[in-house]
S.K.: 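Structure incoming, see below.
Residue numbers begin at 1 in each chain, while the letters A, B, ... track the order of the sequences.
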There are 2 protein chains.
Amino acid sequence: MSSNELIKIFLSEDVGAPAYKVVRALAERGSASAIELSRHTGLAKSTMSALVAELKDASVIIEPEPSKDARASSRGRPAVQLSLNPQAGTSVGVLPGPDFIGIALVDAAHGIRDERSVEIKPNYSVDQGVEAVAELVQQAYAATGLQRETLLGVGLAMPGPFNHRTGVMLRSTLLPNWVDLDIGAHFAKRFDVPVIADNESNCAAIAEMTWGAALGQQDFLYAKFDEGVGGAVIVDGRVLRGALGAAGEIGHFMVDPDGPLCTCGSRGCLEAMMRWDAIVRPARALFGENITFPQIAGRAQEGDPGCVRLISDAAAAAGRALAGICAVLNPPLIVVGGRYVLAGEVFLRAMQESFDRHFHIRDQTDGGSVTPIVAGTFSNNRDSTLGAVGLVLREKPFTRSA
Amino acid sequence: MSSNELIKIFLSEDVGAPAYKVVRALAERGSASAIELSRHTGLAKSTMSALVAELKDASVIIEPEPSKDARASSRGRPAVQLSLNPQAGTSVGVLPGPDFIGIALVDAAHGIRDERSVEIKPNYSVDQGVEAVAELVQQAYAATGLQRETLLGVGLAMPGPFNHRTGVMLRSTLLPNWVDLDIGAHFAKRFDVPVIADNESNCAAIAEMTWGAALGQQDFLYAKFDEGVGGAVIVDGRVLRGALGAAGEIGHFMVDPDGPLCTCGSRGCLEAMMRWDAIVRPARALFGENITFPQIAGRAQEGDPGCVRLISDAAAAAGRALAGICAVLNPPLIVVGGRYVLAGEVFLRAMQESFDRHFHIRDQTDGGSVTPIVAGTFSNNRDSTLGAVGLVLREKPFTRSA
DNA sequence: ATCATTTAGTTCTAGGGTGAACTATTAACG
DNA sequence: CGTTAATAGTTCACCCTAGAACTAAATGAT
């Protein structure tokens, strides 16, 4: 019946078409006024006016309830917010974990509609993963009452080094059976929509940019300190991928030439100094064999001196690494995610102090730091699944499976 | 008489106009065919066809002699190369050195028409510098027979930390009297065209991208190892500036936390380990008080063991730093400039080896390195003046002095 | 209250850019 | 040496986009 103009435009190849630009701009932002859209797309507001009317008629965009939030920004006629029709477009984000699979279902207006996960036997194959995802997706649509036909694309957050351009995982301890395969092709067997994949850290950065602490930021450095260490570089609102898709891999940034050996074969990589194992091992000598990293982080926040020291030493290394990176990138903001953040200020403050000591620009105009470091808003796993959704909403797929 | 359409379009505010896009695209590239222009500007080739005809009539663009170079790229009708009319548009690049001022005069077709310099008393003021530049520019136009009225803009390569956005030098040992001033405004008193400034390293990268070793490269890391250490990050054909214009400052990348103290107040900065002084000082103990860095570099190339060691130790530090930077940026190419390159393979090979040992991605598809490091084509000073010209040809000025 | 000011959005027409179909010019292939 | 395929460039009618001038809706000052 309804031919769903939204999907048609969203998946169109005609990148230059005004409708495409507007739909994509709204998919990225969630909502925006006509005048903002006209500025961001470069189209005249007269064009926007006509186009918005047309897209409203076609149920591609809607005017969401103005809500009660303080719209009193400036004077003048208030702008009417627009968003894509959440009934007409939905996206799925997937995190294939080592022993679980998590997904998120988000509508085109950035409404997070469903998040669920299922356990799965380790060392599962790609096809087993695809089946599990298909099952979860069906459940999610059933639970929300959304139409499966409105699916715009599937995003994948890959837990390991992944080449976004070639679509191939380079290596992975978590998903050994997913290496060197065309993962998109496997998903295409079950999903007739574009499948877009990127590494977990890049996804996490996108999640923070779309819903979290980096909302509206066009340039920032994202750092994820979790079991491993990863990151992402956002330039001009886009994820920097690099020649081999390895941009943002701050885990293998060398902090100390004589530091511990890293899995990559170098010495003193940030990851070698910060990975959970490097923290948990010495902690066990003091607190027994069963202590876990989150517990250490928690005890650090409560003030336990040994745990504070372990966390703050790691934070010092992190701050030093970030200072080196910022000497080259000089971003206006650093967003930090991963479960190190569970240690709270113990971790963040030590990192900021170390950063400020090692960053070569110390002149600060006002009170604050030259490069503020803020904690991300998303917990682990959520950042990945939601970021994978963001992948669908932001990245143009190379090929289209009509 | 001739109203000079080229200048009118080049300096127009109407950034969306097709003619503007075409002129700017040609200014960047030097020459291009109609179909390339249509691809790069996003305009239809029908539009391009009409526009090119119109611009030819107005003497804005010309068809340069096909020259004899192998055009046999592929089959099909060969593309006709186009370039801006070199008679109608010229740019000047300026390097205000500590005790000299150098300029380059380049036409709109990327023809390097004149390069000259003059000595000047150290600690000169901005206004004294402006006068000297004005004199040099007049000489250059007189010598080439080009029209001074065709000047499209003046580019400045600032030897020191410079904020491209605010147009202010932060500090400088070479030009102490240029700090904290609106340098563009001083030049505007003598030149009624846009004045665009950036730091020397960024300019050098632009020179390599426009004429040199990075010709046609859209993404690369530029590193300059000279008296000091600087660099630039090129993403998608644009210079990354960063929040405070400090992006690319690889000199203050920390290599060794216990290394020598740096002028910036940190320890073990790459610059602290590589600046000429750090090389020349130990060399003097062996070779006498009068030895200079270029001599050391030369002796290293000739195989003198002591000089080889000094240079290759520095190269090892450089390779380590570049590996750390590339862990985050993962560029497909590194271009190296500055007078360390005078040591030739002694320097470059040691750097590449150190890089390969410390870079975490070692899988190499073919024989070559994952991240090739190549020497830039321009000698010192030339890279700056020519890059400053590139600034004029590539960057859109914020304000226009009609 | 009223009016000036500011910002958002609409209307309408002229003209400019586009796509489709065309011609032009080359290399590769038998 | 013609044919085929591939790429570059041209023509032209039509529709879409932009700009000017307008209305609409808010704030804040008098």
S.K.: In whole angstroms, how far is the P atom of C/dT11 from the CD atom of A/E54?
M.R.: 14 Å
S.K.: Are any protein N/O atoms closer than 3.5 Å to N/O atoms in nucleotides 5-7 of chain D? If there are, list each pair with its distance.
M.R.:
{"residue": "D/dT7", "atom": "O2", "partner": "B/R77", "partner atom": "N", "Å": "3.0"}

S.K.: If you compare all heavy atoms of B/S83 against all heavy atoms of B/S31, which two are closest, and at what distance to 0.1 Å?
M.R.: CB-CB, 4.0 Å
S.K.: Residues in side-chain hydrogen bond (donor to acceptor under 3.5 Å, both in side chains) with B/N330, at least two apart?
M.R.: none
S.K.: Five pairs per end, C1' atoms only: what is the angle between the end axes of the helix from C/dA1-D/dT30 to C/dG30-D/dC1, to 10 degrees?
M.R.: 20°
S.K.: Measure the distance from CG on A/L37 to C1' on D/dA18 and round it to the nearest whole Å.
M.R.: 17 Å
S.K.: Say you draw a straight line from CG of B/L393 to CZ of B/F10; how long is it, rounded to the nearest 0.5 Å?
M.R.: 5.5 Å
S.K.: Where each residue is assigned the nucleotide of DNA chain C containing its nearest heavy atom, which of A/E36 and A/D14 is assigned the position nearer the 5′ end?
M.R.: A/E36
S.K.: Please state how far atom NZ in B/K56 lies from atom P in D/dT10, giving the value in whole angstrom units.
M.R.: 7 Å
S.K.: I'd like to know whether B/I206 forms a side chain to side chain contact (heavy atoms under 4.5 Å, CB included) with B/R394, so could you lay out the CA-CA distance, the side-chain angles of the two residues, the decisive distance to 0.1 Å, and finally the verdict.
M.R.: CA-CA 9 Å; B/I206 290 173; B/R394 301 183 151 262; 3.7 Å; yes
S.K.: Quick one, B/M209 and B/F220 - any side-chain contact, counting heavy atoms below 4.5 Å?
M.R.: yes
S.K.: Check the side chains of B/E36 and B/S33 for a donor-acceptor pair under 3.5 angstrom, ignoring hydrogens and angles.
M.R.: yes
S.K.: Using the ring pair (Phe, Tyr, Trp, His ring centres under 6.0 Å) criterion, which residues pair with B/H40? Sequence neighbours excluded.
M.R.: none
S.K.: Mind running a 4.0 Å heavy-atom check of residues 42-52 of chain B against DNA chain D and sending the residues that fall below it, in number order?
M.R.: B/K45, B/S46, B/S49
S.K.: Rounded to the Å, how far apart are B/L55 CG and D/dT10 C1'?
M.R.: 16 Å
S.K.: Atom CD of B/E63 and atom P of D/dA8: how far apart are they, to the nearest Å?
M.R.: 15 Å
S.K.: Enter the distance from B/L37:CG to B/L26:CG here, rounded to the nearest 0.5 Å.
M.R.: 4.5 Å
S.K.: Round to the nearest Å and state the distance from A/D57 atom CG to C/dT10 atom C1'.
M.R.: 15 Å
S.K.: Which pairs of donor and acceptor atoms, one on a side chain in residues 46-62 of chain B, lie under 3.5 Å apart (sequence neighbours left out)?
M.R.:
{"residue": "B/K56", "atom": "NZ", "partner": "B/E63", "partner atom": "OE2", "Å": "2.7"}

S.K.: Can you tell if the side chain of A/I234 reaches within under 4.5 Å of the side chain of A/Q217, non-hydrogen atoms only?
M.R.: no
S.K.: Side chains of B/L11 and B/P194: does their closest heavy-atom pair fall under 4.5 Å?
M.R.: yes
